[in-house]
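Comments concern the structure below.
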Amino acid sequence: MSTVLVTGGLGYIGSHIVIELGLAGMDVVILDNLANSAIDVFYRLKSMARKDIEFYQGDVRDSKILNVVLSEQSVSSVIHCAGLKAVGESSLKPVEYYQNNVAGSLVLIDAMREAGIQNLVFSSSATVYGIDAPVPYVETLPTGGTSNPYGTSKWMVEQILKDAANAAPKLSIASLRYFNPIGAHPSGLIGEDPQGIPNNLLPYIAQVAVGKRAELSVFGDDYPTADGTCERDYLHVVDLARGHVKALDWVKNNTGAEAFNLGTGKATSVLEIIQAFEEASGVKIPYSIAPRRPGDLPAFWADATKAEKLLGWNAELGLEEMMADTWRWQSQNPNGYRSNAKEAQPDSSVA
Ligand code: NAD
Ligand code: UDP
């Protein structure tokens with residue numbers, strides 16, 4: 001009984017978690033409805049992983065498929081990444097976001113209860129701190145005051161999980177509050193593959209670099225920061241994935257619900273990111289200054305002390321690796337998973 005279920009395991013973060021779980025010697029089963037991913041991710045994961053991986057195509061809101069997965073696969077722990085994540089879209093489709101993110105989580109914890117599974121790691125977000133929180137964000141701050149349905153959905157699930165753990169003393173839950181995950185696996189085989197025009201900074205820069213987009217718009221240079229552009233706590237997706245392995249260890253040895261920031265503790269501006277990407281890739285990124293993007297906060301970063309103390313985790317990879325790995329992924333897969341799926345090979349320079 002040591003199989004881990006990763007919901008949303010074919011997505012950007014989930015796929016990197018699957019690899020790290022395999023390296024830690026765990027059996028993995030994935031449940032994903034392919035709403036924002038491709039089956040090719042599964043084939044690539046199978047080619048990369050040292051352990052066998054099972055995949056079920058299905059929705060976390062479907063209790064029948066959950067019951068099948070949990071009973072057929074002897075699952076002992078769940079990492080719950082499945083959900084919708086586009087902040088702007090969440091304001092246009094709030095009901096869809098609450099259905100996937102909140103109702104989906106409810107169906108999952110109910111299925112876990114029925115199957116007697118006590119260990120859960122949840123993909124939360126730094127957005128739960130809300131728009132008025134002082135920086136750096138620390139877990140003892142009050143949460144809430146979120147400004148969009150996506151953020152509110154993460155905040156609601158954290159509250160639900162706390163209540164569930166209070167009512168069932170054997171339950172053990174870690175809500176991991178991600179800061180800004182970027183980068184890709186150093187093999188160049190898996191990475192972020194946004195559909196349509198990327199919302200996020202790094203995927204946009206990477207698409208400019210391969211010539212898919214003409215130039216980057218830098219959203220605002222009049223913020224109260226050192227160079228006027230927004231600052232964020234960017235962390236390598238492989239570091240983030242390793243944080244899940246540590247969190248899994250924690251939930252197996254503790255009870256109750258705890259939240260942990262996963263970030264580097266350092267803030268980097270948009271202009272610094274452009275420069276770091278150019279240095280790592282050798283490609284010039286044309287950009288122009290555009291108006292501020294509504295809803296953007298000037299600067300936030302993590303106090304990651306709690307994760308270091310309780311999980312034994314800290315981010316080890318720096319900006320250089322984040323940029324080099326983003327570039328390797330994007331240049332080897334200019335059209336993401338939709339192209340050259342069969343021909344893609346790991347980068348031989350990476351162990
Ligand atoms: P992603 O969209 O790449 O991955 C999510 C995966 O879940 C996709 O494969 C999608 O097909 C699947 N999915 C969506 N709804 C589902 C459902 N109802 N049933 C089954 N599968 C479903 O996103 P990601 O960047 O890998 O994010 C993973 C999790 O981390 C999400 O919950 C997201 O909100 C959270 N998160 C992401 C970031 C980020 O910057 N990427 C930051 C903070 C938190
Ligand atoms: N950003 C930008 N141009 C883009 C996308 C993002 O200048 O095309 C900026 C954005 O204003 C923010 C930072 O990059 O300051 C990180 O944005 P992202 O959407 O990646 O993450 P989040 O808003 O979730 O922190």
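Both counts, for ligands and for their atoms, begin at 1 and track the order of listing. Since this is a predicted model, take the numbers as computed values, not measurements.
In summary, the atoms of ligand 2 found under 4.0 Å from a heavy atom of N199, numbered by their order in the structure, are 5 (C), 19 (O). For ligand 2, the atoms closer than 4.0 angstrom to any heavy atom of S217 are 2 (C), 3 (N), 4 (C), 7 (O), 8 (O). Every atom of ligand 1 is numbered from 1 in the order shown, and the set under 4.0 Å from a heavy atom of L10 is 9 (O). Each of the following atoms of ligand 1 lies closer than 4.0 Å to a heavy atom of C81: 28 (C), 29 (C), 31 (C), 32 (O). The K85 neighbourhood of ligand 1 comprises atoms 1 (P), 2 (O), 3 (O), 23 (O), 24 (P), 25 (O), 33 (C), 34 (O), 41 (N), with distances under 4.0 Å to a heavy atom of that residue.
Scanning all protein heavy atoms for the shortest distance to atom 15 (O) of ligand 2 gives C230 CB, 2.8 Å. Counting only heavy atoms of the protein, atom 16 (C) of ligand 2 lies nearest to Y234 OH, 3.4 Å. With respect to atom 25 (O) of ligand 2, the closest heavy atom belonging to the protein is R232 NE, 2.6 Å. Shortest contact from atom 21 (O) of ligand 2 to any protein heavy atom: N180 ND2, 3.2 Å. Nearest to atom 23 (O) of ligand 2 among the protein's heavy atoms is R293 NH2, 2.9 Å. Among protein heavy atoms, atom 30 (O) of ligand 1 sits closest to Y178 CE1, 3.3 Å. Nearest non-hydrogen protein atom to atom 26 (O) of ligand 1 is I13 N, 2.8 Å. At the top of the distance list for atom 20 (O) of ligand 2, counting protein heavy atoms only, stands L201 N, 2.9 Å. In this structure, the protein non-hydrogen atom closest to atom 18 (P) of ligand 2 is N200 ND2, 3.5 Å.
The residue from P203, G83, S105 that puts a heavy atom closest to atom 5 (C) of ligand 1 is G83. Between F219, Y204, F179, it is F219 that holds the heavy atom closest to atom 4 (C) of ligand 2. The residue among P181, S15, G11, A82 with a heavy atom at the shortest distance from atom 39 (C) of ligand 1 is P181. Looking at Y150, Y234, F179, it is Y150 that brings a heavy atom closest to atom 36 (N) of ligand 1. Taking only non-hydrogen atoms, the option from L108, N100, I65 nearest to atom 15 (N) of ligand 1 is N100.
More than 12 non-hydrogen atoms from other residues, nucleotides or ligands lie less than 6.0 angstrom from CG of N253.
With a heavy-atom cut-off of 4.0 Å, K154 touches ligand 1 through its side chain alone. Contacts between T7 and ligand 1 below 4.0 angstrom, taking non-hydrogen atoms only, are absent altogether. With a heavy-atom cut-off of 4.0 Å, D59 touches ligand 1 through backbone and side chain alike.
Remark: K309 does not engage E139 in a salt bridge, criterion side-chain N to carboxylate O under 4.0 Å. Using a 4.0 Å cut-off between charged side-chain N and carboxylate O, D110 and R113 make a salt bridge.
Between F260 and W250, the ring planes lie perpendicular to each other; the angle is over 60°, past the 30° to 60° tilted range. Taking the six-membered ring where tryptophan is involved, the planes of Y150 and Y97 are perpendicular, since the angle between them exceeds 60° and thus also 30°.
A side-chain donor-acceptor contact under 3.5 Å links R44 to the backbone of L189.
Closest heavy-atom contact between L319 and A276: CD1-CB, 4.2 Å. Nearest heavy-atom pair, K246 versus L311, reported as atom, atom and distance to 0.1 Å: CD-O, 3.4 Å.
Close placement of the Y337 and W329 rings is indicated, their centers lying within 6.0 Å of each other.
Heavy-atom separations between G9 and ligand 1 are all 4.0 Å or longer. Residue A126 places no heavy atom under 4.0 Å from ligand 1. Heavy atoms of G104 come nearer than 4.0 angstrom to ligand 1 in no pair at all. Contact analysis leaves H80 out of contact with ligand 1, as no non-hydrogen atom separation drops below 4.0 angstrom.
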Test side-chain hydrogen bond (donor to acceptor under 3.5 Å, both in side chains) on Q73 and T3 and set out the steps. CA-CA 7 Å; Q73 297 294 329; T3 303; 5.4 Å; no

